[in-house]
Asks: 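Before I ask anything, let me first share the structure, which is written out below as structure tokens.
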Amino acid sequence: MLAPRQDKLVSFIATRIADATQKSHGQYRDQLAEYFAHLTDESLTRTQAGKRFAAIPVAGPRAIALLGEAVRETGTAFVDQLVDDLASPANRQQLEQLLHDLIGAAKGEGEQLDQLIRDTLMDVLEQVKAQIAVQQWKLEEQDGPEKS
């Protein structure tokens, strides 16, 4: 059921993933930077390397602050670049290949996927039929008094 439309589906999903990733990253970039700051601070206080830096007389706290800042900035820059790369047309083929591979891996579950698609389509059709029935009913009600 899915195979004849797999390329179009993959292309559509790849576009949606790229767009959603850029939009979401734009909305949550600041929160992500705060999360990196929290993780970095926690790691520096709990790891042996962080404790060794802290033990350096006078320069220790400054070294930890500089290291934490560098790690936070690097983490944020890494995610920024990852999002840009994901959305880049230059990398579209790799994203589509990943989606093809995911669909291919689900082939063992093809019947389950086909059933899910069928059920979804049936639900959509039932909703359309219900909407048409409502509209037909309105038309019949509007036409009724005029014919009398």
Side-chain angles (χ1 to χ4, degrees), residues 1-139 141:
M1 182 176 210
L2 182 62
R5 294 171 186 83
Q6 183 171 336
D7 289 340
K8 287 182 181 180
L9 179 63
V10 163
S11 179
F12 175 79
I13 292 171
T15 299
R16 298 305 315 138
I17 287 172
D19 292 348
T21 301
Q22 281 187 311
K23 181 179 178 183
S24 179
H25 183 59
Q27 290 175 335
Y28 298 107
R29 186 179 186 278
D30 291 342
Q31 289 96 327
L32 183 63
E34 289 174 20
Y35 179 66
F36 279 141
H38 171 74
L39 287 179
T40 302
D41 293 345
E42 283 288 315
S43 297
L44 287 172
T45 59
R46 289 192 288 165
T47 62
Q48 288 299 331
K51 291 176 184 173
R52 285 193 294 271
F53 272 117
I56 298 172
V58 183
R62 181 68 183 141
I64 287 177
L66 288 172
L67 180 60
E69 185 178 322
V71 170
R72 285 188 293 275
E73 287 180 10
T74 302
T76 301
F78 176 81
V79 173
D80 288 346
Q81 187 62 55
L82 185 63
V83 168
D84 288 346
D85 288 347
L86 182 65
S88 170
N91 297 317
R92 182 60 177 265
Q93 185 176 358
Q94 289 89 342
L95 178 57
E96 288 187 7
Q97 185 58 52
L98 173 64
L99 293 169
H100 275 291
D101 292 347
L102 287 171
I103 291 171
K107 284 192 180 185
E109 300 165 3
E111 286 183 33
Q112 186 179 4
L113 181 59
D114 283 350
Q115 188 62 46
L116 178 63
I117 292 169
R118 270 190 224 103
D119 290 348
T120 302
L121 290 174
M122 292 305 291
D123 287 346
V124 168
L125 288 173
E126 289 300 320
Q127 289 177 10
V128 168
K129 285 171 34 180
Q131 288 297 320
I132 290 171
V134 167
Q135 296 300 320
Q136 242 358 38
W137 175 75
K138 286 180 182 178
L139 289 174
E141 188 177 89

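Reckoned from all heavy atoms, side chains included, excluding hydrogens, waters and symmetry mates. Keep in mind that this is a model prediction, so the values were computed, not measured.
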Asks: State whether the number of non-hydrogen atoms from other residues, nucleotides or ligands found under 6.0 Å of Q93 atom CD is greater than 12.
Replies: no
Asks: Would L95 and N91 satisfy side-chain contact (heavy atoms from CB on, under 4.5 Å), going step by step from the backbone distance to the final call?
Replies: CA-CA 7 Å; L95 178 57; N91 297 317; over 6 Å; no
Asks: Do you know which two heavy atoms are closest between A87 and A18, and how far apart they sit?
Replies: CA-CB, 3.8 Å
Asks: Excluding sequence neighbours, so at least two apart, what forms salt bridge (Lys or Arg N to Asp or Glu O under 4.0 Å) with R52?
Replies: none
Asks: Take F36 and T74 through the test side-chain contact (heavy atoms from CB on, under 4.5 Å) and record every step on the way to the result.
Replies: CA-CA 10 Å; F36 279 141; T74 302; over 6 Å; no
Asks: Going by the rule side-chain hydrogen bond (donor to acceptor under 3.5 Å, both in side chains), which residues pair with E96 if we only count those two or more places apart in sequence or in a different chain?
Replies: R92
Asks: Kindly write out the residues that satisfy side-chain hydrogen bond (donor to acceptor under 3.5 Å, both in side chains) with E126, not counting sequence neighbours, or none if the list is empty.
Replies: K129
Asks: Please name all residues satisfying side-chain contact (heavy atoms from CB on, under 4.5 Å) with T21, sequence neighbours left out, ordered by chain then number.
Replies: I17, V83, L86
Asks: Can you tell me if NZ on K23 sees more than 12 non-hydrogen neighbours from other groups inside 6.0 Å?
Replies: no
Asks: If you look only at distance, which donor and acceptor atoms sit under 3.5 Å apart when one is on a side chain in residues 64-73 and the other is two or more places apart or in another chain?
Replies:
unit_1: R72; atom_1: NH1; unit_2: D41; atom_2: OD1; d: 3.1

Asks: My understanding is that only residues two or more places apart in sequence, or in another chain, count here; which of them pass side-chain contact (heavy atoms from CB on, under 4.5 Å) with S24?
Replies: Y28
Asks: Would you say the side-chain atoms of S11 pair up with the backbone N or O of D7, donor to acceptor, closer than 3.5 Å?
Replies: no
Asks: Considering residues at least two apart in sequence or located in another chain, which fulfil the side-chain contact (heavy atoms from CB on, under 4.5 Å) criterion with L39?
Replies: Y35
Asks: Quick test of your reading: applying salt bridge (charged side-chain N to carboxylate O under 4.0 Å, His left out), list the pairs with at least one residue in residues 24-33, sequence neighbours left out, ordered by first then second residue.
Replies: R29-D80
Asks: Among residues at least two apart in sequence or on other chains, which ones pass side-chain hydrogen bond (donor to acceptor under 3.5 Å, both in side chains) with Q97?
Replies: D101
Asks: Among pairs that include at least one residue of residues 8-19, which meet salt bridge (charged side-chain N to carboxylate O under 4.0 Å, His left out), considering only residues two or more places apart or in two chains?
Replies: R16-D19
Asks: Work out which heavy atom in F53 is nearest to a heavy atom in A63; give both atom names and the distance.
Replies: CD2-CB, 3.8 Å
Asks: State which residues pass side-chain contact (heavy atoms from CB on, under 4.5 Å) with Q81; sequence neighbours excluded, sorted by chain then number.
Replies: D84, D85
Asks: Could you pull out all residues at least two apart from E34 that satisfy salt bridge (Lys or Arg N to Asp or Glu O under 4.0 Å)?
Replies: none
Asks: Check the pair L99, L102 against side-chain contact (heavy atoms from CB on, under 4.5 Å), reporting the backbone distance first and the verdict last.
Replies: CA-CA 5 Å; L99 293 169; L102 287 171; 4.3 Å; yes
